Amino acid sequence: MIELEDLTKRYGDKLAVDGLSFTVRPGTVTGFLGPNGAGKSTTMRMVLGLDAPTRGDVRIEGKHYGELREPLNSIGALLEAKGVHGGRRAYDHLLCLAQSNGIPERRVGEVLEMVGLQEVARKRPKGFSLGMGQRLGIAAALLGDPRILMFDEPVNGLDPEGIHWIRNLMQQLAREGRTVFVSSHLMSEMAQTAEHLVVIGQGKLLADTSMSQFIAENSRTHVRVRTPEPERMRDVLVEAGLRPVTGGDGALEVDGGEAPRIGELAAANGVVLHELSTQRASLEEAFMRLTAQSVEYHAYAPGADGTQLPQTPPGAAPPPGGAAPPPQPGQAPPAWGEDWKRGR
Amino acid sequence: MSTQQYEGQAAGQANWPNGIAPYNSPIPMARTHLGHALVSEWTKIRTVRSTVWTLSVMFVLVVGIGLLTAMALSGDDYTGMPLLSSGLFGLMLGQLCVITLGVLVVTSEYGTGMIRTTLTACPQRGRVLLAKAVVFFVLAFVMTTLACTLTALINSALLSDQTRPSYVSDSNFGGSFEGGKLVASGGEWLGATVGAGLYVALLGLLSLAVGALLRHSAGAITTMMGVVLLPLVMALFMAGEALKDVRDFLLEYSPLNGLASLYRIPMTEDQDATGWPLLGGLAVVTLIILGVAYALLHKRDV
Ligand SMILES: Nc1ncnc2c1ncn2[C@@H]1O[C@H](COP(=O)(O)OP(=O)(O)O)[C@@H](O)[C@H]1O
Ligand SMILES: [Mg+2]
C-alpha cells in the first residue's frame, strides 16, 4: 500500500506535483496516467525518498521510505532513467543490490531467469537493447520479492512481445496480492493493464477511479446509421423516443441507442440501411478531453469565476479493485517460493 | 502463489476489499546494516573496469618508474639523495590514478543513474557514503602501499652500493652510510611505504568526497588535479623577494610537498620535515570535506 497525502514538489518556479492525495492498494494493477510532464516520474521519485517533497507526505506500508529496514522486500522499482552502470555485468549489478539487502545470492539467478536474461548474465548492460535493459531493471525490482512494485513507463520502446510480457507480469504480480503501480502516458496501454486508474495533469489529480467506471463515464457510445432516406429514418427514431443527430458526413448518430433495436425499427418501417454500427469514442479521446480540461482549468484563477472542476471529482472512486478477478489456484504456475520456505 | 497458500489466505480475506490477501515473501530477510553496505560496495568496486585500470596503471607507474630510476642511478656515484627517495617520481604520477578512482567511485553512479538504484536499495544515505569511503580507502591504501613497498625494496637492492666520494662526510647529505653502504633508517622506510600509501589513499578519499560534492566526474577530477598541482606550479612562477612569503607558504602546504617530505626530500628549506604533520593535516581536511559531503547528501535530491 502506498499512501500519498497532499504530496507537492516544486522545482524553482515549476510546480511539478501539486497536492496529490491518493492511495495505491494491493491486489490490483493501478495505472498512473498523465501526459508527458504531468509529474508522474517526480511523484515516483518522491515515493522512493529520492526527491524530498516540498510539502505533504508519502508512506509505504505506513512508513517513510527511509524507515524501511528491508527496502527491497517492501518495494521494487523500475525508474524511467535506467539506474544501471553500463560497465558492470548484469549478474554483478544484481549481486551488489542483493548484498545491500542481505538477500541470498541464489536469488540473483532466479530473477535473471524470471526475466529471461540468464544468457547475458555475464554481459555488460552497455550493449543491451532497450528491451533487455528494461528486463534487467525489472529483475532488480523483483530481487527482494517485494510486496509493492512500481514501474515508470515500463513499455516505452519495447517490441510487442516485450509489451505483452510486461503486461502479463504486472497482472500476475497483482493477482499474488501485491501492490502494482505503473505509470504511462498512453491511455490505450493502461486500458489493457490496469484495473484502477489515477489520472494526473500538470501535477494535479484529475481522476481516481476504477478502470470500468472511468470507461463508463468518459467514453460516449453511440450508434451510427447511414441510410438513403435520412429524413424518414430520423422520424422513425424520434417516434421511438430516441434522439438522433446528424453527423458530419450526413450519417445519423444515436446516443445511447442499441444497434439491434434500431435495426428492427428500420426493418419494421421499411427503411433501407447502408450502415448500422456501434461507435465507442476511444479512451484516448476521453483521456485527452480530461487532461485538456485541466489545462483549461489552470487558465483561470481557481474559483474566481466559478470555473468547474473536471467531471470526475478526485476521491469519487468506488471501493478499489471491485473488478479484480479472484485468485485462481488452478492456473497459478508452480510456486518458486516453496523452495525458499523449506530452506528457512 | 501455491494452492496451499491460497487456502491459508481464505480465512483472512474479509480484511481485503478484493478478497486477495497481501503478498508475503518466503525469502528470508535480514534487517540491513553497515555490513551489508560494505559487502555491496566491495562488489561494486571490484566489478567495474575503471578500478582495474586505474590501479594497474598506478602500479605500473610507481614500480616501473621506480625500477628505471634505480637502474639508471645504480653503480654511479652517490647523488646525495636518501636511499628510498627516488620512489617519489613514480608515485607523483601514480597518485593521479588513485585520485581518479576516488572520484569515479561516487561520480560514476551519478553519471549512469545508478545512484538512484543504490539509494532505493539502501535509503540510509550516510551508510552508503561511509561504506564507499571505507571500501575505497582500504583498497587504495593496500594497493598503494604494496606498490611503494615494492619500489622501496628495488631501490634498496639496487642503490645501497652507491659509492661515497671520499671528499664528503656523512653529515653533508640526507642519506646515511653504514659500513660504506647507503642505508635507510626505520623512519625513512615507514615514510616511503606505509606513509606514502596512507598519504595517497587520503588524497583519494578527499577526491571521493569532492566527487560526492560535485557529482560530476570531469569537474571533480579537474578540481583535484588543481588541488594537487596548482600550489607548486604557482609557486614556481612567483619569483622576486616581494612574493617570497606567499611562495614559501604555497610550497610548504602543497600536497606534493607532503609526499616529498615522506620521502625525505622536502621542497622547503626545512630539511628535517618528515611529512607526517602534513599527512595529519590532509587527514583533517579530508574528514571535513567528507563531513560536508555527508550533510549535503541528505539534503539534495538525486
Ligand atoms: N529535477 C528537476 N528539475 C527541474 N524540473 C524538473 C525536474 N524533474 C522534473 N521537472 C519538471 O517537472 C515536471 C514533471 O516532470 P516529470 O515528473 O518527469 O513528468 P512525467 O514523468 O509525468 O512526464 C516537468 O515539467 C519537468 O520539466
Ligand atoms: Mg516520466
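Please read these numbers as outputs of a predicted model, since none were measured by experiment.
The two atoms that bring B:R125 and A:L50 nearest to each other are NH2-O, 3.1 Å, heavy atoms only. Between A:G66 and B:Q124 the shortest heavy-atom distance is O-NE2, 3.4 Å. When all heavy atoms of A:P71 and B:P123 are compared, the closest pair comes out as CG-CD, 3.5 Å. Contact detail for A:N101 and B:A121: the closest heavy-atom pair is ND2-O, 2.7 Å.
By the 4.5 Å heavy-atom criterion applied to side chains, B:M114 and A:H93 are counted as neighbours. Side-chain contact between B:T117 and A:L97 is present, with at least one heavy-atom pair separated by less than 4.5 Å. Between A:D145 and B:P26 the shortest side-chain heavy-atom distance falls below 4.5 Å.
Both the backbone and the side chain of A:A52 come within contact range of chain B, with heavy atoms under 4.5 Å apart. For A:Y91, no part sits under 4.5 Å from any heavy atom of chain B, backbone or side chain. Heavy-atom distances place the backbone of A:L68, and not its side chain, under 4.5 Å from chain B.
Side-chain atoms of A:S100 never come within 3.5 Å of backbone atoms of B:H36 as a donor-acceptor pair (strictly under, hydrogens ignored). Using modelled atom types, one side-chain atom of A:R88 and one backbone atom of B:K44 make a donor-acceptor pair closer than 3.5 Å. Within the 3.5 Å criterion, the main-chain N or O of A:C96 finds a donor-acceptor partner in the side chain of B:S40. Using a distance-only test at 3.5 Å, with no hydrogens or angles considered, no donor-acceptor pair links the side chain of B:T32 to the main chain of A:E70. Side-chain N or O atoms of A:Y65 include one that pairs as donor or acceptor with a backbone N or O of B:T120 at under 3.5 Å.
Taking CE of A:M44 as the reference point, atom CZ of B:R116 lies at 13.5 Å (rounded to 0.5 Å). Taken from OG1 in B:T112 to NE2 in A:H85, the straight-line distance is 5.5 Å, to the nearest 0.5 Å. Here CD1 of A:I103 is found 8.5 Å from OG of B:S25. Values are rounded to the nearest 0.5 Å.
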Decide side-chain hydrogen bond (donor to acceptor under 3.5 Å, both in side chains) for A:D92 and B:T47; before the verdict, give the C-alpha distance in whole Å, the side-chain angles of both, and the deciding distance to 0.1 Å.
CA-CA 7 Å; A:D92 295 329; B:T47 53; 4.6 Å; no
Could you walk me through whether B:V302 and A:R45 pass side-chain contact (heavy atoms from CB on, under 4.5 Å), step by step?
CA-CA 9 Å; B:V302 288; A:R45 286 199 304 274; over 6 Å; no
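Remark: A:R147 fails to qualify as a cation-pi partner of B:Y23 under the 6.0 Å distance and 45° angle criteria applied to the six-membered ring.
Looking only at heavy-atom pairs under 4.5 Å with chain B, the residue among A:L79, A:L95, A:N73 that has the most is A:N73. With chain B as partner, the option from A:V84, A:I148, A:L173 having the largest number of non-hydrogen pairs under 4.5 angstrom is A:V84.
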